[in-house]
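Structure record follows, encoded as structure tokens.
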Amino acid sequence: MAPAPSLTLILGEVTADMALDGLVICGWTGRNAEAMEHHIQELEALGVKRPSATPAFYRVAASLVTTAPVIQVSGQASSGEVEYVMLNRSGEWWVTVGSDHTDRDAETLGVSLSKQMCAKPVGKTWWRYTDICDHWDELRLRSWIVDGDDCTLYQDGSVSAMQPPEELMRGYGGLPENWAFFGGTLAAIGGVRPSSALALELHDPIKNRTINHQYQTDVLPIAD
């Protein structure tokens with residue numbers, strides 16, 4: 001198995017170089033059945049098959065995770081979505097913000113296939129889960145479509161919309177050392193759509209701090 005590339009992450013007060021050993025994308029993780037049904041219908045409108053069970057767990061290549069400000073994608077049909085991201089590192093859980101960037105054309109053929117098609121941007125800064133677990137449901141996720149100097153709010157909501165990390169990992173069977181998982185996303189304001197750049201935010205209103213990350217796509221042509 002080819003090793004994942006090394007990532008430079010800020011874990012609390014320490015900067016560490018590490019490579020992930022595994023990555024899981026959690027899908028259909030909503031606590032609210034009505035809100036989750038709305039997101040399912042959003043994707044059904046794009047031709048994505050309704051899941052047979054929820055939540056769903058998609059194992060994809062750990063090498064997809066990146067902190068780079070630019071990712072390369074094939075064609076114009078991919079888009080991102082803000083999520084909380086968990087990491088098991090040295091016996092501790094860490095949290096940051098990320099984007100499950102997905103090829104929407106490939107998603108109509110198979111969700112597992114689409115998850116493997118695009119890089120998964122994450123923030124460099126990570127918080128200790130033990131520092132926020134007592135007010136976890138107060139955390140907020142937001143994303144904006146960025147077009148030059150214009151920013152359009154794309155997603156906005158509390159992490160309480162998704163199942164908590166412990167519940168998701170129990171459902172998967174645990175999170176091994178040096179593995180990460182994406183915890184699910186929120187409905188898109190105005191519908192799921194592509195963008196050339198996406199800004200992400202995980203905000204903690206109790207400790208008054210924020211993790212931000214922004215990335216753009218370098219679109220590669222699709223040859224006939």
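Everything numeric in this text was worked out from a predicted model, so none of it was measured. The chain is numbered in sequence order, starting from 1.
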Can you tell me how far [atom2] of [Y] sits from [atom1] of [X], rounded to the nearest 0.5 angstrom?
{"X": "Met86", "Y": "Asn88", "atom1": "CE", "atom2": "CG", "answer": "9.0 Å"}
{"X": "Leu198", "Y": "Gln155", "atom1": "CG", "atom2": "CD", "answer": "7.5 Å"}
{"X": "Glu138", "Y": "Arg140", "atom1": "CD", "atom2": "CZ", "answer": "9.5 Å"}
{"X": "Leu202", "Y": "Ser143", "atom1": "CG", "atom2": "OG", "answer": "12.5 Å"}

Checklist entry - So, for Ala16 and Leu11, which heavy atoms are closest and what is the spacing to 0.1 Å? => result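 Shortest heavy-atom contact: CB-CD1, 4.2 Å.
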
Checklist entry - For Thr66 and Ala119, which heavy atoms make the closest approach, and how far apart are they? => result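 So the minimum-distance heavy-atom pair works out to CG2-CB, 4.0 Å.
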
Item to check | Sidechain N-carboxylate O distance under 4.0 Å for Arg104, Glu81 | outcome: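 Yes, charged N to carboxylate O under 4.0 Å.
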
Checklist entry - Can you tell me if Arg31 and Ser160 form a side-chain donor-acceptor pair at under 3.5 Å? => result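 Result is no, nothing qualifies.
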
Item to check | Among Leu139, Ile211, Thr210, side-chain contact (heavy atoms from CB on, under 4.5 Å) partner for Asp204 | outcome: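 The residue from Leu139, Ile211, Thr210 that satisfies side-chain contact (heavy atoms from CB on, under 4.5 Å) with Asp204 turns out to be Leu139.
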
Next on the checklist: My understanding is that only residues two or more places apart in sequence, or in another chain, count here; which of them pass side chain to side chain donor-acceptor pair (under 3.5 Å) with His213?
Outcome noted: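 Expected list: none.
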
Checklist entry - Which residues satisfy the side chain to side chain donor-acceptor pair (under 3.5 Å) test with Arg142, sequence neighbours excluded? => result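 So Arg142 forms a side chain to side chain donor-acceptor pair (under 3.5 Å) with Asp156, Glu201.
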
Checklist entry - Residues in salt bridge (Lys or Arg N to Asp or Glu O under 4.0 Å) with Arg128, at least two apart? => result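 Residues passing salt bridge (Lys or Arg N to Asp or Glu O under 4.0 Å) with Arg128: Glu13, Glu92.
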
Next on the checklist: According to salt bridge (Lys or Arg N to Asp or Glu O under 4.0 Å), who are the partners of Asp103, at least two apart in sequence or on a separate chain?
Outcome noted: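 For Asp103, no residue satisfies salt bridge (Lys or Arg N to Asp or Glu O under 4.0 Å) once neighbours in sequence are set aside.
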
Checklist entry - Yes or no on ring pair (Phe, Tyr, Trp, His ring centres under 6.0 Å) for Trp136 and Tyr84, after CA distance, side-chain angles and deciding distance? => result CA-CA 11 Å; Trp136 174 260; Tyr84 73 83; 4.9 Å; yes

Checklist entry - Which residue pairs satisfy the ring-ring contact (aromatic ring centres under 6.0 Å, His included) criterion with at least one member in residues 93-125, sequence neighbours excluded? => result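 Sorted pair list: Trp93-Tyr129, His101-Tyr215.
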
Checklist entry - Taking side chain as C-beta onward, heavy atoms only, is Thr8 less than 4.5 Å from Thr67? => result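 They are not in side-chain contact.
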
Checklist entry - Are any of the side-chain heavy atoms of Val73 and Asp218 separated by less than 4.5 Å? => result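 Side-chain contact under 4.5 Å: no.
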
Checklist entry - What residues join Ile189 in its hydrophobic cluster, counting side-chain heavy atom gaps under 4.5 Å, either direct or through other members? => result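 Its cluster mates, by chain and number, are Trp144, Leu153.
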
Item to check | Atom CD of Gln76: over 12 foreign heavy atoms under 6.0 Å | outcome: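 No - once you tally the heavy atoms of other residues, nucleotides and ligands closer than 6.0 Å, there are 12 at most.
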
Next on the checklist: With side-chain hydrogen bond (donor to acceptor under 3.5 Å, both in side chains) as the criterion, how do Ser6 and Asp17 come out once you've worked through the C-alpha distance, each side chain's angles and the decisive distance to 0.1 Å?
Outcome noted: CA-CA 6 Å; Ser6 181; Asp17 292 327; 4.7 Å; no

